[in-house]
Amino acid sequence: VQLQASGGGLVQAGGCLRLSCAASGRPFGSYHMGWFRQAPGKEREFVAAISRSGDRIFYGDSVKGRFTISRDNAKNTVYLQMNSLKPEDTAVYYCSSAVRELRYVEYAAQPAMYHYWGQGTEVTVSS
């Protein structure tokens with residue numbers, strides 16, 4: 001499967017962005033999807049994940065209440081709506097897919113559980 005992330009950019013603190021990740025290849029609805037981010041000099045951080053049908057959603061602690069993950073299986077796309085952005089949200093954001101359903105956040109938050117990764121889209125939040 002190929003993943004193509006888009007929607008990043010430069011935004012002021014308090015602003016919002018919507019990231020998209022379009023998938024091609026194997027039927028999109030068979031994948032558990034996740035978003036991760038990586039800031040310069042830091043490890044890759046879990047942001048959000050969504051199950052195949054969308055009935056299970058997980059968020060990283062740093063984005064809870066501000067970010068919303070969703071998916072449209074008919075459009076082969078997963079989204080990340082980011083509101084109330086902070087300078088510490090600055091990072092490259094990656095979408096990822098897992099061929100297994102990750103039913104618990106302890107699994108969904110682990111990069112090693114994902115099989116495919118997009119190229120990343122850069123988000124910069126200015127203060």
Side-chain angles (χ1 to χ4, degrees):
V1 65
Q2 291 186 328
L3 302 174
Q4 181 73 39
S6 61
L10 174 64
V11 62
Q12 288 188 331
C16 59
L17 282 173
R18 188 193 197 201
L19 305 184
S20 300
C21 176
S24 61
R26 181 172 166 173
F28 181 69
S30 66
Y31 290 114
H32 179 107
M33 300 298 297
W35 285 98
F36 290 78
R37 67 186 183 187
Q38 189 163 17
K42 295 188 176 181
E43 292 186 354
R44 192 161 294 193
E45 177 188 10
F46 172 68
V47 175
I50 187 167
S51 62
R52 293 166 177 168
S53 64
D55 63 334
R56 288 176 179 260
I57 289 176
F58 306 113
Y59 294 101
D61 289 341
S62 61
V63 306
K64 282 180 181 177
R66 300 187 298 121
F67 290 12
T68 302
I69 188 172
S70 62
R71 67 188 296 161
D72 186 335
N73 287 347
K75 295 183 178 180
N76 293 348
T77 303
V78 63
Y79 305 97
L80 185 68
Q81 178 67 44
M82 306 187 296
N83 298 331
S84 302
L85 283 161
K86 304 175 181 180
E88 50 264 43
D89 294 318
T90 294
V92 177
Y93 284 71
Y94 298 91
C95 63
S96 55
S97 64
V99 299
R100 294 185 298 249
E101 188 76 297
L102 304 177
R103 301 182 66 82
Y104 304 101
V105 65
E106 291 81 1
Y107 299 133
Q110 297 300 320
M113 300 301 291
Y114 293 81
H115 303 87
Y116 303 101
W117 292 84
Q119 86 291 355
T121 185
E122 189 167 3
V123 172
T124 302
V125 184
S126 62
S127 57

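All values below come from the heavy atoms of this structure, side chains included, with hydrogens, waters and symmetry mates left out. It should be emphasised that the depicted structure is a prediction, and the values quoted were computed from it without experimental measurement.
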Scan [range] for pairs that pass disulfide bond (SG atoms under 2.5 Å apart), counting only residues two or more places apart or in two chains.
range           : result
residues 97-127 : none
residues 28-92  : none
residues 97-127 : none
residues 54-127 : Cys21-Cys95

Worksheet item: In chain order, what residues pass the side chain to side chain donor-acceptor pair (under 3.5 Å) check against Arg66, with sequence neighbours excluded?
Response: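 Expected list: Asp89.
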Discussion item. I'd like to check the side chain to side chain donor-acceptor pair (under 3.5 Å) partners of Glu101; sequence neighbours left out, ordered by chain and number.
Written reply: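 Only His32 meet the side chain to side chain donor-acceptor pair (under 3.5 Å) criterion with Glu101.
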Worksheet item: What do the steps show when you test Tyr116 against Val99 for side chain to side chain contact (heavy atoms under 4.5 Å, CB included), and what is the final call?
Response: CA-CA 9 Å; Tyr116 303 101; Val99 299; 4.1 Å; yes
Mind listing the closest non-hydrogen atom pair of [X] and [Y] along with its distance?
X      : Y      : answer
Ala109 : Pro111 : O-CD, 3.5 Å
Gly7   : Leu17  : O-CD2, 3.9 Å
Leu80  : Ala48  : CD1-CB, 4.2 Å

For residues 119-127, tabulate all N or O donor-acceptor pairs below 3.5 Å that involve a side-chain atom, not counting sequence neighbours.
| from | atom 1 | to | atom 2 | distance (Å) |
| --- | --- | --- | --- | --- |
| Gln119 | OE1 | Ala5 | N | 3.4 |
| Gln119 | NE2 | Ala5 | O | 2.9 |
| Thr121 | OG1 | Gly8 | N | 3.0 |

Discussion item. Per the salt bridge (charged side-chain N to carboxylate O under 4.0 Å, His left out) rule, what does the pair list look like for residues 41-57, sequence neighbours excluded?
Written reply: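 Listed by first then second residue: Arg37-Glu45.
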Worksheet item: Restricting to pairs with a member in residues 70-80, which pass salt bridge (charged side-chain N to carboxylate O under 4.0 Å, His left out), not counting sequence neighbours?
Response: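 As it turns out, there is no salt bridge (charged side-chain N to carboxylate O under 4.0 Å, His left out) pair with a partner in residues 70-80 once direct neighbours are skipped.
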Discussion item. Under 4.5 Å between side-chain heavy atoms, counting indirect links through other Ile/Leu/Val/Met/Phe/Trp/Tyr residues: same cluster for Tyr93 and Tyr79 or not?
Written reply: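 No; tracing contacts between hydrophobic side chains, which count when under 4.5 Å, never links both residues.
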Practice prompt. Give the other cluster members for Val92, using side-chain heavy-atom distances under 4.5 Å between Ile, Leu, Val, Met, Phe, Trp and Tyr residues; answer none if it is isolated.
Written response: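 Phe36, Phe46, Phe58, Tyr94, Leu102, Tyr104, Val105, Tyr107, Met113, Tyr114, Trp117, which link up through side-chain heavy atoms under 4.5 Å apart, make up the rest of the cluster.
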Worksheet item: Could you give the distance from OG1 (Thr68) to CD1 (Ile57), rounded to the nearest 0.5 Å?
Response: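 The OG1 atom of Thr68 sits 8.0 Å away from the CD1 atom of Ile57.
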Worksheet entry | Separation of Leu19 CG from Gln81 CD (nearest 0.5 Å) |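 It comes to 8.5 Å.
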Fill in: CA sep, side-chain torsions, deciding dist, call: Met82, Cys16, side chain to side chain contact (heavy atoms under 4.5 Å, CB included)
CA-CA 5 Å; Met82 306 187 296; Cys16 59; 5.9 Å; no
Worksheet item: Quick one: does Ser20's side chain have a donor or acceptor within less than 3.5 Å of a partner on Ser6's backbone?
Response: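 No, Ser20 side chain to Ser6 backbone: no donor-acceptor pair under 3.5 Å.
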Item to complete: Please tell me if the side chains of Met33 and Leu3 come closer than 4.5 Å, counting only heavy atoms from C-beta onward.
Response: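 A side-chain contact under 4.5 Å exists here.
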